Amino acid sequence: MQPRVGSFGSLEEGKEPMVRTISQSNRPFPLRLLQFLLLLLGLGILFSFLSMYASRFLKVQSEISVVQSRFQPCIQDKNTIASWIKPPANILHEMNDTELFWRGSFVPQIKEYPFKRTPKIAFMFLTRGPLPMAPLWERFFNGNEKLYSIYVHSLPSYQPDFPSSSVFYGRQIPSQVAEWGMMSMCDAERRLLANALLDISNEFFVLLSEACIPLQNFSIIYRYISRSRYSFIGSFDEDGPYGRGRYDERMSPTVNLTDWRKGSQWFEINRKLAVDIVRDSLYYPKFEQFCRPACYVDEHYFPTMLSIESPELLANRTLTWVDWSRGGAHPATFGKGDINEEFFKRIFNSGECFYNNQPTSLCYMFARKFAPNALDHLLEYSSKFFGF
Ligand SMILES: *[C@@H]1O[C@H](CO)[C@@H](O)[C@H](O)[C@H]1NC(C)=O
Ligand SMILES: *[C@@H]1O[C@H](CO)[C@@H](O)[C@H](O)[C@H]1NC(C)=O
Ligand SMILES: *[C@@H]1O[C@H](CO)[C@@H](O)[C@H](O)[C@H]1NC(C)=O
Ligand SMILES: *[C@@H]1O[C@H](CO)[C@@H](O)[C@H](O)[C@H]1NC(C)=O
């Protein structure tokens with residue numbers, strides 16, 4: 001803001017002396033001189049009017065040049081549609097969550113866009129710190145620059161060190177501490193969504209972790225997601241202590257027992273559902289108050305809320321493969337020794353699912369969890385296994 005104020009100031013200074021000359025010359029004088037001064041005054045008024053118009057025009061110009069010099073070259077005229085639809089030049093901002101969520105919830109009321117809009121997938125990485133699979137993702141993204149955007153939420157103490165050539169460079173959003181199973185985890189996911197919503201071309205929102213990898217090339221994943229009638233979020237009604245057993249009756253009638261859903265947090269949702277999550281103030285307080293460990297809120301809040309509000313938009317399954325077969329509280333993590341053809345055959349043949357109401361064996365676009373030491377093998381075989 002500072003430079004903009006400065007440039008206004010310097011324009012105003014140009015006008016100041018003229019006004020002062022006029023007021024100073026306002027003393028008793030002989031008639032001739034007075035006539036002459038009146039003429040000057042008239043001219044002065046005329047000029048000041050002219051300069052007002054000119055400066056209004058110049059102000060706009062100087063504003064633009066300030067913006068241009070501080071950020072990247074952008075739009076010439078602030079009043080074009082382009083100024084409303086361009087993504088924020090800088091992903092960092094000074095908004096707190098209240099302000100960010102409010103801004104992120106803006107929705108146009110006319111469905112048709114008056115410009116050519118290429119829908120992008122926002123890849124949102126919810127991490128603690130480093131992204132060990134970054135080289136694999138770099139390869140995955142390569143060549144698809146117009147079709148994706150990236151957002152990274154990491155612990156605030158973490159200092160990323162991606163080179164400026166990386167797709168992850170400068171994609172860290174203002175973050176806060178997020179703890180697994182706590183509301184702060186949902187807050188982080190909403191923060192990622194709200195930041196991604198600021199770019200109006202983002203239409204699909206995929207939540208990933210640092211242990212996730214893509215299982216298909218970009219074009220397959222883009223087509224799978226963009227042509228789906230449904231959003232992919234795990235959402236099922238489970239009996240027993242880990243499902244309905246986590247429900248608290250004090251949530252009713254906002255959430256009844258029959259509405260209670262469970263699903264893994266790794267979702268893919270469209271823009272409408274992303275806005276619904278960011279703007280929610282009805283379900284949030286219920287989950288914050290009544291779903292605390294051993295109720296793991298990140299497994300229930302979004303699936304339950306979206307199933308109540310928009311059940312017809314949900315595929316009720318996730319695109320992210322994971323292996324719970326080893327038992328315990330955490331899914332299996334795969335390392336160097338696990339990465340071979342058999343392993344990926346097992347993933348690709350792990351059953352049937354529905355895609356746009358048709359049965360298919362292509363069910364998963366992403367997989368977790370992979371240890372950093374799996375990277376070399378994944379890179380070596382990525383074209384064979386995943387087609388990129
Ligand atoms: C954000 O700032 C506004 C205005 O200062 C304040 O009312 C609001 O409570 C803040 N929100 C958070 C989450 O800190
Ligand atoms: C929960 O049940 C009550 C009473 O039957 C009903 O009024 C309310 O709409 C239900 N809530 C939802 C989210 O369906
Ligand atoms: C997902 O589940 C909801 C009920 O929660 C149901 O209404 C919807 O039809 C299901 N979606 C699909 C694609 O079957
Ligand atoms: C992506 O994979 C599919 C199937 O494996 C292949 O037909 C297609 O050519 C690949 N696309 C690119 C851009 O590599």
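Here the structure is a predicted model, which means the values were calculated and not measured. Residues take their numbers from the sequence shown, with the count starting at 1. All ligand and atom numbering here is 1-based and tracks the order in the structure.
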In the protein, which heavy atom is nearest to [atom], and how far is it?
atom	result
atom 7 (O) of ligand 2	Pro253 CB, 4.8 Å
atom 13 (C) of ligand 3	Leu314 O, 3.3 Å
atom 2 (O) of ligand 2	Asn256 ND2, 2.4 Å
atom 8 (C) of ligand 3	Pro311 O, 3.5 Å
atom 9 (O) of ligand 1	Thr98 OG1, 4.3 Å
atom 12 (C) of ligand 2	Asp259 OD2, 3.4 Å

Ligand 3 contact by Arg261, heavy-atom criterion under 4.0 angstrom: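 In this structure, Arg261 qualifies as a contact of ligand 3 - some heavy atom is under 4.0 Å.
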
Sub-6.0 Å ring centroid separation between [X] and [Y]:
X	Y	value
Trp260	Phe287	yes
Phe123	Tyr151	no
Phe232	Phe267	no
Phe168	Phe125	yes
Phe344	Phe386	yes

Distance flag for atom 5 (O) of ligand 2, protein heavy atom under 4.0 Å: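 Within 4.0 Å of atom 5 (O) of ligand 2, no protein heavy atoms are found.
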
Tyr355/Tyr224 under ring pair (Phe, Tyr, Trp, His ring centres under 6.0 Å): CA gap, chis, key distance, verdict: CA-CA 9 Å; Tyr355 180 77; Tyr224 198 92; 4.4 Å; yes

Element-labelled atoms of ligand 2 that are located less than 4.0 Å from some non-hydrogen atom of Thr254: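 It comes down to these atoms of ligand 2: 13 (C).
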
Polar atom proximity, Asp97 to ligand 1 (N or O, under 3.5 Å):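 Min N/O separation from ligand 1 is not below 3.5 Å for Asp97.
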
For Asn96, atoms of ligand 1 separated by under 4.0 Å from a heavy atom: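 Close to Asn96: 1 (C), 2 (O), 3 (C), 8 (C), 10 (C), 11 (N), 12 (C), 14 (O).
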
Candidate pair Arg261 and His300, rule side-chain hydrogen bond (donor to acceptor under 3.5 Å, both in side chains), full reasoning: CA-CA 6 Å; Arg261 293 290 181 276; His300 300 282; over 6 Å; no

Test of proximity, Glu312 against ligand 3: N or O pairs below 3.5 Å: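 It does not: no N or O of Glu312 is found under 3.5 Å from an N or O of ligand 3.
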
Location of contacts on Asn316 toward ligand 3, heavy atoms closer than 4.0 Å: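 Contact part for Asn316 vs ligand 3: side chain (C-beta onward).
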
Between Ser184 and Gln176, a side-chain donor and acceptor under 3.5 Å: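 The answer is no; no qualifying pair exists.
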
Check: Thr258/Asn256 side-chain N/O donor and acceptor closer than 3.5 Å: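 No, because no side-chain N or O of Thr258 sits under 3.5 Å from a partner of the opposite role on Asn256.
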
